[in-house]
Amino acid sequence: MPVITRFAPSPTGYLHIGGARTALFCWLFAKHHGGQNLLRVEDTDRARSTPESIETILDGLTWLGLDWDNKNYGDKNFYSQYGQRERHAEVARQMVANGTAYYCYATTAELDAMRAEQKEKGLPQRYDGRWRDRDVSEAPKDAKPVIRMKAPLTGETTVVDAVLGSITVQNSQLDDMVLLRADGTPTYMHAVVVDDHDMGITHVIRGDDHMTNTFRQVQIYKAMGWDIPIFAHLPMILGPDGAKLSKRHGAPAVSDYRDRGYLPEAIRNYLLRLCWSHGDDEIISTEQAIEWFDLDGIGKSPARFDFAKLGSVNAHYLKIADDTRLAKLAASFIAKILGADLTAAQMDLFIRAMPDVKTRAQTLVEIADMAAFYFRTTPLVFDEKAQKLLTPEAKQILADLAARLENLPDFTGEAIESTCRALSEEKAVKLGAIAQPLRAALTGSTVSPPIFGVAALLGKTESLNRIRTI
RNA sequence: GUCCCCUUCGUCUAGAGGCCUAGGACAUUACCCUUUCACGGUAGUAACACGGGUUCGAAUCCCGUAGGGGACGCCA
């Protein structure tokens, strides 16, 4: 049987990084088995679902390179849960007909009072089944009922989870949950089961905050006589402090990572290694991940998000990334710094500078910060350390240097270096006494890529211009 | 409150009863390389939550304790 997974976000906000991890695992698992990965938007909560949110989530998935195989649902390119509401209602009515569900006329106020009382008495908060065995003839007039599951009162329900193992709960712990709301729309609990069944999902891979819901969902499968899929519940991703990852930690949304200059392949690699492992392997290409990924490698305990490690993973992917691609990606960050877009000539310079720039950076933002000096105009703004370096003596040396560079026939890094070395010997000073002031003059900073290469890239005219306008 | 799950260096993890003097990666410290900063290289610090069992032998199996997380909606 072919593997079919699904990623099922609710469009009530952005794509959470934890959701992205779930999406990645679903995608990898499907790819590994040559199956399909479907996207289902859980938009049954009409009050909170928004089209903007759907856009954001789709954008996030696309940016991460996680595609889905169901792109033809009428006017939509994903499966909309709300669009299936008639089907959900139909199944709920079937369950009433076969005796595994019933109408409940209890009002919200009534239920609130019931829970308050249970809480006060220290009892478990559960629906007490007050309409479970009452006849419909007792129903109040004009009241719109909900449909509730008629859950077994005795015995136990066992879920065999591919990650957590076999877990059993007493049925007495589970109450009669609502399947269909008074307005005829399905609850999440009901809709997931119907949709997973209808879509032929073989493996339900999701966050383990859904673990305890699974018992109730299994009861619906059983009530309808449907095959139960394989469940795999992923441990949560926590913030650096061990609390649930949220806005408070700074970067909960996938878009935050794009904005901070991380590469999608780095995010994929980092997320993959959170709660999943393949021996000692750390740097794992997506191709390799597809080959290796399986449910066996998933760990059981929650993982904390570590920005330092993400940075190092990103630095690795920066190093092996194509320079033109990086320049294009970093260009928007540079434009923000400069207040203007790069010209074609500047873009060309940026690409040639990239090999020396990218090994010094962990993110595209750092690349942009570090490379901005290439594109600035004189007079440069010197930072504090650079100013300190540019003493009268240093300026004199630079003047001498400028005179010699003027006459260089080939303005290459090697030629510039030889010139500097020759000058350092003549003046009996260390190479640093020349190179550092030169760096300050050309970049405005004491930190930069190798300075002779920088000078060569800047070209003779611009280099001399910068030296002479200090 | 009730139920469910989890627990190896600071962090992510390897570990399937003897291969463990507990390995790798990030972070951190020192040194090397070096025109700066990085990269790279070498070395170091650092963990089996606790208490009982089972066993010739436990990080690994069992029980308990503690700590953490999750679920208990006409939210998803």
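Keep in mind it's a predicted model, so treat the numbers as computed, not measured.
For A/Asn213, whose side chain is taken as the heavy atoms from C-beta onward, the closest listed nucleotide among B/U13, B/C72, B/C4 is B/C72. The side chain of A/Met236 has B/G70 as its nearest neighbour among B/G70, B/U35, B/U2. Side chain of A/Arg115, nearest nucleotide from B/C26, B/G70, B/C74: B/C74. The side chain of A/Arg360 lies closest to B/C37 when the candidates are B/A76, B/C37, B/U35. The side chain of A/Arg126 has B/U2 as its nearest neighbour among B/A14, B/U2, B/C75. Closest to the side chain of A/Ser10, from the set B/G70, B/A76, B/C12, is B/A76. For A/Val447, whose side chain is taken as the heavy atoms from C-beta onward, the closest listed nucleotide among B/A27, B/A14, B/C37 is B/C37.
A donor and an acceptor atom sit less than 3.5 Å apart, one in the side chain of A/Asp280 and one in the base of B/G23.
Within 4.0 Å (heavy atoms only), A/Pro9 reaches no atom of the nucleic acid at all. Within the 4.0 angstrom heavy-atom criterion, no nucleotide atom of any strand lies near A/Arg46. Nucleic acid contact class of A/Phe452 (heavy atoms, under 4.0 Å, all strands): base. Using a 4.0 Å heavy-atom cutoff across all strands shown, A/Thr446 reaches at least one base atom of the nucleic acid. Across all strands shown, A/Gln125 has heavy atoms under 4.0 Å from base atoms, whether or not it also approaches the sugar-phosphate. Using a 4.0 Å heavy-atom distance criterion, A/Pro240 is classed as making no nucleic acid contact. Using a 4.0 Å heavy-atom distance criterion, A/Asp45 is classed as a sugar-phosphate-only contact.
Across all strands shown, B/G64 forms a Watson-Crick or G-U wobble pair with B/C50, both key distances being under 3.5 Å.
Of the inter-residue distances, the one linking A/Ile467 atom CD1 with A/Leu405 atom CG reads 5.5 Å to the nearest 0.5 angstrom.
Because its NZ or CZ atom is both nearer than 6.0 Å to the ring centre of A/Tyr82 and within 45° of the ring axis, A/Arg85 counts as a cation-pi partner of that residue.
Going from the C1' atom of B/U8 to that of B/A59 covers 7 Å, rounded to whole Å. Rounded to whole Å, the P atom of B/C37 lies 13 Å from the corresponding atom of B/C31.
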